[in-house]
Amino acid sequence: MSRTISCKQAVDLISKKEEAKLSATQRFALWRHLAVCSLCRTFSVQNKIIKKALTQEDYRVLTTEEKEVIVKTVLQTKP
């Protein structure tokens with residue numbers, strides 16, 4: 001893996017990280033990318049939220065506060 005990775009590579013690693021452990025090289029490359037790319041950081045947070053929601057045994061309704069956080073996050077990432 002090269003010294004810097006693209007957003008596409010970062011998204012692939014973020015998704016892979018949810019399913020399997022990344023190598024040290026992959027973790028470092030992703031860490032470096034996330035340090036400078038706010039869009040990929042947002043994707044990472046959203047990915048965690050979605051995974052958590054999908055793995056919960058009880059499917060519940062989101063609280064008003066949770067909905068506001070999601071809406072605020074989505075609006076901040078609009079191009």
Side-chain angles (χ1 to χ4, degrees):
M1 194 165 272
S2 67
R3 286 183 275 155
T4 59
I5 60 173
S6 68
C7 288
K8 181 181 181 341
Q9 290 170 313
V11 166
D12 289 343
L13 289 176
I14 291 165
S15 298
K16 181 180 176 184
K17 183 174 77 170
E18 297 299 326
E19 304 301 323
K21 196 168 186 172
L22 299 179
S23 70
T25 304
Q26 290 171 322
R27 284 193 316 271
F28 182 69
L30 180 58
W31 174 81
R32 282 183 50 160
H33 184 85
L34 292 177
V36 296
C37 184
S38 63
L39 293 175
C40 288
R41 279 194 308 272
T42 300
F43 174 79
S44 181
V45 169
Q46 291 173 343
N47 199 43
K48 287 177 188 174
I49 292 169
I50 292 168
K51 179 171 174 134
K52 182 178 178 183
L54 291 175
T55 57
Q56 289 181 346
E57 289 182 23
D58 62 326
Y59 293 97
R60 62 180 176 79
V61 177
L62 294 174
T63 66
T64 302
E65 184 178 296
E66 291 169 324
K67 290 177 186 176
E68 289 173 359
V69 168
I70 292 170
V71 169
K72 190 183 287 186
T73 302
V74 170
L75 292 177
Q76 288 176 351
T77 60
K78 256 187 156 178

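Fair warning: this is a prediction, and the values are worked out from it, not measured in the lab. As a basis for the values below, the full set of heavy atoms in this structure was taken, side chains included, without hydrogen atoms, waters or symmetry mates.
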Sort and list the pairs that fulfil ring pair (Phe, Tyr, Trp, His ring centres under 6.0 Å) and have at least one residue in residues 21-51, not counting sequence neighbours. Phe28-Trp31
Which pairs, with at least one residue in residues 34-49 and sequence neighbours excluded, count as a salt bridge (Lys or Arg N to Asp or Glu O under 4.0 Å)? none
Any donor-acceptor pair under 3.5 Å linking the side-chain atoms of Thr63 with those of Glu66? yes
Using every non-hydrogen atom in the two residues, find where Gln46 and Val74 come nearest and quote the distance to one decimal. NE2-CG2, 4.0 Å
For the side chain of Gln9 and the backbone of Ser6, is there at least one donor-acceptor N/O pair under 3.5 Å apart? yes
Min side-chain heavy-atom separation Thr4-Arg32 under 4.5 Å: yes
Members sharing Val69's hydrophobic cluster (side chains within less than 4.5 Å): none
Linking Ile, Leu, Val, Met, Phe, Trp and Tyr by side-chain heavy atoms under 4.5 Å, what else ends up with Val36? none
Which side-chain N or O atoms in residues 11-22 pair as donor and acceptor under 3.5 Å with protein atoms at least two apart or in another chain?
unit_1: Asp12; atom_1: OD2; unit_2: Lys8; atom_2: NZ; d: 3.4
unit_1: Ser15; atom_1: OG; unit_2: Val11; atom_2: O; d: 3.1

Report the residues that fulfil side chain to side chain donor-acceptor pair (under 3.5 Å) with Ser23, sequence neighbours left out, ordered by chain and then residue number. Gln26
Nearest 0.5 Å please: distance from the CG atom of Asn47 over to the OG1 atom of Thr42. 12.0 Å
Supply the atom-to-atom distance Thr25 OG1 to Leu30 CG, rounded to the nearest 0.5 angstrom. 12.5 Å
